[in-house]
**Student:** 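Dropping the structure in here first, questions after.
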Amino acid sequence: MNASVDLASLAGDLRERLPDATSEGASFAELSTYRVGGPVAVLVRAKDVDALTTVAEVARRHRPRLLVIGRGSNLLMSDAGFSGLVVVLEGDFEAIDLPGSGTGESESPVVRAGGAVPLPVLARRAAAGGLAGLEFYVGIPGSVGGAVRMNAGGHGHETVEVLRRAWVLDLVDGGGDPTPSARGVVDLELGYRYSNLRPSEVVTAAEFTTTRESPAACETRVAEIVRWRREHQPGGQNAGSVFRNPPGDSAGRIIEAAGLKGLRVGGAVVSDKHANFFQAEAGATARDVLDLVAEVQRRVAKTSGVELVPELHVVGDDAGET
Ligand SMILES: Cc1cc2nc3c(=O)[nH]c(=O)nc-3n(C[C@H](O)[C@H](O)[C@H](O)COP(=O)(O)OP(=O)(O)OC[C@H]3O[C@@H](n4cnc5c(N)ncnc54)[C@H](O)[C@@H]3O)c2cc1C
């Protein structure tokens with residue numbers, strides 16, 4: 001991506017073609033669960049594939065730095081903000097298609113969901129329709145696109161187990177027509193909180209394989225997960241697990257064993273409820289969170305020799321992007 005992109009000209013081109021969808025200087029804080037971070041140079045909200053294709057045509061001309069944001073539940077944006085183009089999906093991308101319940105149907109019914117569908121909504125809709133397998137998503141406050149990108153998982157399950165295929169549109173490097181193309185689960189090389197998707201690739205939709213069960217059984221599992229999350233994880237402003245779990249261990253356990261629950265830098269604090277969750281309190285800055293991340297890494301390395309690796313994606317102008 002080109003650092004000398006003329007962002008005013010990029011915004012002008014987008015505004016001309018997508019006037020209601022384009023804004024300049026939007027607050028990143030409003031796009032993420034941490035609710036911190038500086039301004040976004042250019043934000044475009046694409047409501048359907050046509051709009052996203054238009055975004056791709058403009059992006060290919062200007063080649064700005066790109067960031068696709070889902071629910072912003074795994075992102076920390078720097079206080080300096082982002083001097084590039086942020087793309088958010090909405091509208092058509094929030095649709096869920098459940099299979100019918102007629103006789104002769106497949107034993108592995110397929111649920112299709114747009115890239116912007118919130119995972120808890122997907123989990124509850126599938127459960128209510130007696131489609132089992134997606135219940136674990138109820139505790140993960142991301143989007144379908146974010147779940148594919150991150151291979152999100154919890155409660156013993158991961159996206160790779162239920163994903164059938166995803167539709168991906170490359171905003172800059174696709175070659176030819178910028179339209180979404182299907183990518184099988186194997187092609188995405190999903191690993192622990194990893195896929196091979198590039199920053200310019202947008203997941204527009206995904207298909208999940210489920211099994212038939214009674215809605216009551218599915219909804220009971222959903223309710224159990226919600227209860228477990230309330231008991232074990234804090235609410236408020238955070239982005240879930242800050243660090244990846246080292247092989248065979250848990251980052252939360254290691255941080256707690258180092259005596260770091262409650263450790264504070266400015267308005268950022270290690271949660272008392274779950275040591276791998278860092279809370280941003282009112283008035284916190286991204287710098288506070290970043291400094292707390294570095295301080296926890298330093299102290300854990302000193303006490304246990306473990307090098308904790310962030311799961312959180314740190315993005316923005318003065319942040320080393322991960
Ligand atoms: C309270 C809490 C609990 C959590 N628990 C879990 C958990 O149990 N398991 C777990 O795995 N995660 C958990 N998370 C983290 C987070 O919810 C997941 O990583 C989720 O998959 C991120 O989805 P998102 O839409 O918020 O992505 P974002 O945070 O918006 O983005 C994350 C990454 O995905 C990319 N991305 C987002 N949307 C798209 C798209 N449409 N196409 C392509 N790329 C996209 C972004 O560019 C970025 O690289 C938790 C977070 C919170 C706040």
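In listed order, ligands and their atoms are each counted from 1.
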**Student:** Under a 4.0 Å heavy-atom limit, does Arg193 contact ligand 1 with its side chain, its backbone, both, or neither?
**Tutor:** side chain
**Student:** Students should be able to answer this: which protein heavy-atom is nearest to atom 43 (C) of ligand 1, and at what distance?
**Tutor:** Glu201 O, 3.3 Å
**Student:** Would you mind checking if Asp13 and Arg17 are paired as a salt bridge, meaning a charged N to carboxylate O distance below 4.0 Å?
**Tutor:** no
**Student:** I'd like to know if the side chain of Glu94 and the backbone of Gly91 have a donor-acceptor N/O pair within less than 3.5 Å.
**Tutor:**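 At least one qualifying donor-acceptor pair exists.
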**Student:** Counting heavy atoms only, which part of Ala239 comes closer than 4.0 Å to ligand 1: side chain, backbone, both or neither?
**Tutor:**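 For Ala239, only backbone atoms sit under 4.0 Å from ligand 1.
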**Student:** Return the closest protein heavy atom for atom 1 (C) of ligand 1 as residue, atom name and distance.
**Tutor:** Asn238 OD1, 3.5 Å
**Student:** Look at the side chain of Asp92 and the backbone N and O of Val49, then say whether any donor-acceptor pair between them is shorter than 3.5 Å.
**Tutor:**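 Not a single qualifying donor-acceptor pair exists.
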**Student:** Is there any N or O on Arg71 that sits under 3.5 Å from an N or O of ligand 1?
**Tutor:**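 Arg71 vs ligand 1: N/O contact under 3.5 Å present.
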**Student:** Students often mix this up, so state it plainly: with edges at 30° and 60°, are the rings of His232 and Trp228 parallel, tilted or perpendicular?
**Tutor:**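 Answer is parallel, since the angle falls under 30°.
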**Student:** Counting from 1, what ligand 1 atoms have a heavy atom of Ile69 closer than 4.0 Å?
**Tutor:** 30 (O)
**Student:** Which is it for Phe243 and Val293 under the side-chain contact (heavy atoms from CB on, under 4.5 Å) test, yes or no, and what are the steps along the way?
**Tutor:** CA-CA 9 Å; Phe243 297 108; Val293 169; 3.8 Å; yes
**Student:** Look at Asp173 together with Arg63 and state whether they make a salt bridge at an N to O cut-off of under 4.0 Å.
**Tutor:**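 Yes, Asp173 and Arg63 are salt-bridged.
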**Student:** So, do Pro180 and Val168 sit near enough that their side-chain heavy atoms are less than 4.5 Å apart?
**Tutor:**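 No - every pair of side-chain heavy atoms lies 4.5 Å or more apart.
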**Student:** Any atom of ligand 1 sitting under 4.0 Å from a heavy atom of Arg229?
**Tutor:**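 Judged by the 4.0 Å heavy-atom criterion, Arg229 does count as contacting ligand 1.
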**Student:** Consider every N or O of Gly154 and every N or O of ligand 1, then say whether any pair is closer than 3.5 Å.
**Tutor:**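 Min N/O separation from ligand 1 is not below 3.5 Å for Gly154.
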**Student:** Any chance you could lay out the side-chain contact (heavy atoms from CB on, under 4.5 Å) test for Leu52 and Leu171, step after step, and finish with the verdict?
**Tutor:** CA-CA 8 Å; Leu52 196 59; Leu171 289 172; 4.1 Å; yes
**Student:** What protein heavy atom is closest to atom 4 (C) of ligand 1, reported as residue, atom name and distance in Å?
**Tutor:**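 Minimum-distance protein heavy atom for atom 4 (C) of ligand 1 reads Pro141 CD, 3.7 Å.
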**Student:** Considering heavy atoms of the protein only, find what lies nearest to atom 49 (O) of ligand 1 and give residue, atom and distance to 0.1 Å.
**Tutor:** His313 ND1, 3.0 Å
**Student:** Would Ser241 count as a polar contact of ligand 1, with the cut-off being nitrogen or oxygen pairs under 3.5 Å?
**Tutor:**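 Min N/O separation from ligand 1 is not below 3.5 Å for Ser241.
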**Student:** So, Ser250 side chain and Arg253 main chain: donor-acceptor pair closer than 3.5 Å or not?
**Tutor:** yes
**Student:** Any idea which atoms of ligand 1 are less than 4.0 Å away from a heavy-atom of Val202?
**Tutor:** 42 (N), 43 (C)
**Student:** Is a side-chain N or O of Arg229 found less than 3.5 angstrom from the main chain of Gly139, in a donor-acceptor match?
**Tutor:**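 Flag set: sc Arg229 to bb Gly139 pair under 3.5 Å.
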**Student:** Please state which option from Gly240, Gly153, Ala152, Gly145 has its nearest heavy atom closest to atom 7 (C) of ligand 1.
**Tutor:** Gly153
**Student:** Please work out whether any backbone atom (N, CA, C, O) or any side-chain heavy atom from C-beta onward of Leu119 is under 4.0 Å from ligand 1, and answer side chain, backbone, both or neither.
**Tutor:**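 Looking at Leu119 and ligand 1, no heavy atom falls under 4.0 Å.
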**Student:** If you measure from each heavy atom of Leu197 to ligand 1, is any distance below 4.0 Å?
**Tutor:**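 Leu197: no contact with ligand 1 (<4.0 Å).
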**Student:** Test your reading of the structure: does Glu311 have an N or O sitting under 3.5 Å from an N or O of ligand 1?
**Tutor:** no
**Student:** Write down the atom of Pro234, the atom of Phe277, and the distance for their closest heavy-atom approach.
**Tutor:**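 Shortest heavy-atom separation between Pro234 and Phe277 comes out as CD-CD2, 3.5 Å.
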**Student:** Is there a side-chain contact between Arg65 and Pro199, using heavy atoms and a 4.5 Å cut-off?
**Tutor:**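 Of all side-chain heavy-atom pairs linking Pro199 with Arg65, none is under 4.5 Å.
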**Student:** Can you find an N or O of Gly146 that's nearer than 3.5 Å to an N or O of ligand 1?
**Tutor:**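 Yes.
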**Student:** Considering only protein heavy atoms, which is closest to atom 14 (N) of ligand 1, and at what distance to one decimal place?
**Tutor:** Ile140 CG2, 4.1 Å
**Student:** Any nitrogen or oxygen of Gly115, side chain or backbone, less than 3.5 Å from one on ligand 1?
**Tutor:**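 Among all N and O atoms of Gly115, none is under 3.5 Å from an N or O of ligand 1.
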**Student:** Got an N/O contact under 3.5 Å between Ser73 and ligand 1?
**Tutor:**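 N/O-N/O distance below 3.5 Å exists for this pair.
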**Student:** Could you check atom 29 (O) of ligand 1 against the protein and tell me its nearest heavy-atom contact, residue, atom and distance included?
**Tutor:** Asn74 N, 2.8 Å
**Student:** So for Glu158, does at least one of its heavy atoms come nearer than 4.0 angstrom to any atom of ligand 1?
**Tutor:**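 False for this residue.
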**Student:** Looking at atom 46 (C) of ligand 1, what's its closest protein heavy atom, distance included?
**Tutor:**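 The protein heavy atom lying closest is Val68 O, 3.1 Å.
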**Student:** Below 3.5 angstrom, do we get any N/O pair linking Leu67 and ligand 1?
**Tutor:** no
**Student:** Going through the distances and angles, do Thr53 and Asp50 end up as a side-chain hydrogen bond (donor to acceptor under 3.5 Å, both in side chains)?
**Tutor:** CA-CA 5 Å; Thr53 301; Asp50 282 352; 5.2 Å; no
**Student:** Quick test of your reading of the structure: of Gly70, Ala147, Gly235, whose heavy atom lies closest to atom 30 (O) of ligand 1?
**Tutor:** Gly70
**Student:** Given salt bridge (Lys or Arg N to Asp or Glu O under 4.0 Å), test Arg299 with Glu295 step by step and report yes or no.
**Tutor:** CA-CA 6 Å; Arg299 294 201 194 189; Glu295 185 59 18; 2.8 Å; yes
**Student:** Between Asn276 and Ser241 (side chain of the first, backbone of the second, donor and acceptor by atom type, cut-off under 3.5 Å), is there such a pair?
**Tutor:**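 Looks like no, no N/O pair under 3.5 Å.
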**Student:** Judging by distance only, is a nitrogen or oxygen of Asn151 under 3.5 angstrom from one on ligand 1?
**Tutor:**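 No, there is no polar N/O contact under 3.5 Å.
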**Student:** Starting from atom 28 (P) of ligand 1, what is the nearest protein heavy atom, named by residue and atom, and what distance separates them?
**Tutor:** Gly72 N, 3.7 Å
**Student:** May I ask you to check if ligand 1 and Val203 share an N or O to N or O distance below 3.5 Å?
**Tutor:**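 Yes - when backbone and side-chain N and O of Val203 are compared with those of ligand 1, one distance drops under 3.5 Å.
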**Student:** For the residue pair Asn151 and Ser195, confirm or rule out a side-chain donor-acceptor distance under 3.5 Å.
**Tutor:** no
